[in-house]
Amino acid sequence: MSASARSSSEDRIPLAVTSIILTVLALSLGDALVKMTSGSFVIWQIFVVRSLILLPILMGVALSLGCLRVPQAGRWIAVRSLMLIAMWICYYLALPNLSLSAAAAAYYTLPIFITLFSAVFVGDSITAKGWAAVVLGFVGVLFILRPSAGDFNLYALLPLLAAMLYAGAMILTRTRCQSEHPIILSLALNVGFVIAGSVAACLIWQLPADMRQGFLLSEWTAMGWSEWVSMGLLAASILIGSIGAAIAYQNGPPAMIGAFDFAYIGFAVLWGIVFFNETPDLIASIGMIMIVGGGILSLRQ
């Protein structure tokens, strides 16, 4: 893949870093809400309803900004959307067969893949400080999550695959979709969510009744007022997350932005305290400091 990215002198680092921090803040809140409501919804229902709420909003914003047009990089936008949808599917397929800590620790190898893909496909120069930032952040994740060796099995390959898919999608954002408006990228992603969720729902409907259970294979549930509020909050989360990630990777080096993706874990710990009464111990606190240190170090590479 040849790079068509903006040169480093044209990068807008403060915008990129702010965008990725807001992105992981919104996504971590959304994931906390998913955890609280996973007994009420099947994942495909979340995909479809959440995106159906978002699409009219995105269309209105696109019309008001005058950016609603056929994208030049339509093929690459489609590939990017498919990769992100596959990423979420892989991650949620792993959860029934892995502890959450093992799945999350495997998934948060993604900055390593971003760094590797940046060097191979984009030609970014990765300094020793850049590698140290990735390693420091990853070790910080392990300090927080501390997955036991017994947790890892073949299903651990799924969050690793999810990390690779996300990394690849962000490299595409940087190299092939950089000139496209973030609203268009978000529109494409949410259209993809609706299509994927609808197809999955149709396939699940064909299954025997005794197989339609769990977060992945259950039938859709009826929605009352509280369920619609939850879906609205999830829609807001994915709106901020999908646009913010596009802005971040369009305006900053993928290796640097990938290091800041680790902030998700810090926010996840915070929401664990607020919503689930999960107080981090000393080792987890040290891990959070290491993650922050890795982000700062990445800025100095």
Are any non-hydrogen side-chain atoms of [X] and [Y] less than 4.5 angstrom apart?
| X | Y | answer |
| --- | --- | --- |
| Leu27 | Ile238 | yes |
| Val194 | Leu52 | yes |
| Met231 | Gln45 | yes |
| Arg80 | Met170 | yes |
| Ile53 | Trp228 | yes |
| Val48 | Phe193 | no |
| Met223 | Val49 | yes |
| Ile89 | Ile85 | yes |

I'd like to know if the side chain of [X] reaches the main chain of [Y], judged simply by a donor and an acceptor atom lying under 3.5 Å from each other, with no hydrogens or angles considered.
| X | Y | value |
| --- | --- | --- |
| Ser51 | Phe47 | yes |
| Ser64 | Val61 | yes |
| Ser186 | Pro182 | no |
| Glu180 | Leu185 | no |
| Gln206 | Leu203 | no |

*asked:* Applying the side-chain contact (heavy atoms from CB on, under 4.5 Å) criterion to Ser19, which one of Ile247, Asn251, Ile257 satisfies it?
replied: Ile247
*asked:* On a heavy-atom basis, which atom in Leu165 and which in Met83 lie closest, and how many Å separate them?
replied: O-CE, 3.5 Å
*What orientation do Trp271 and Phe267 show, parallel under 30°, tilted 30 to 60°, or perpendicular over 60°?*
parallel
